[in-house]
Amino acid sequence: MSLTLAAPYAEAPAPASAPVSAPVLAPRERETLRHIAAGRTYLQTARHMGLSKHTVDAYLRRIRAKLNISSTAELTRLAISLGL
């Protein structure tokens, strides 16, 4: 006798043509995220990228707004999941 467990209200799998909701970040936003996730400060990131720290802040604000993220820890988790 075998027992099979199934969720009674499981949703059907998404069709293959459905778009996958991957974060859409500009290349400089991804680079900024990589630096911050590596533990660099805004100033260190800015110097490495040849930007002002205000531009780095703007990139990170844009990333947070696009992905509805509120903390640096969440940004770091995202960077790890993206393999940055």
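If you're wondering where the values come from, they're calculated on a predicted model, not measured in any experiment.
- Atom CD1 of I69 sits about 10.5 Å away from atom CG of L60, to the nearest 0.5 Å.
- Atom-to-atom distance recorded for R34:CZ and R30:CZ is 10.0 Å, nearest 0.5 angstrom.
- A pairwise comparison of heavy atoms in T32 and Y59 identifies OG1-CD1, 3.2 Å as the closest pair.
- A donor-acceptor pair under 3.5 Å is formed between the side chain of E74 and the backbone N or O of S70.
- When all heavy atoms of R61 and H54 are compared, the pair lying nearest together is NH2-O, 4.4 Å.
- The local environment of NZ in K53 is sparse, with at most 12 non-hydrogen atoms from other residues, nucleotides or ligands closer than 6.0 Å.
- Evaluation of the salt bridge (charged side-chain N to carboxylate O under 4.0 Å, His left out) rule for R64 yields no partner, not counting sequence neighbours.
- Listed here is the closest heavy atom pair of L25 and E29: CA-OE1, 3.4 Å.
- Between M49 and E31 the shortest side-chain heavy-atom distance falls below 4.5 Å.
- Scanning both residues, Y42 and D57, for their nearest heavy atoms gives CE2-OD1, 3.4 Å.
- The number of heavy-atom neighbours closer than 6.0 Å to CZ of R28, taken from other residues, nucleotides and ligands shown, is above 12.
- One finds the NE2 atom of H35 at 5.0 Å from the NE2 atom of H48 (value rounded to the nearest 0.5 Å).
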Enumerate, atom names and distances included, each donor-acceptor pair closer than 3.5 Å involving a side-chain atom of residues 75-84, sequence neighbours excluded.
unit_1	atom_1	unit_2	atom_2	d
T76	OG1	T72	O	3.0
S81	OG	L78	O	2.8

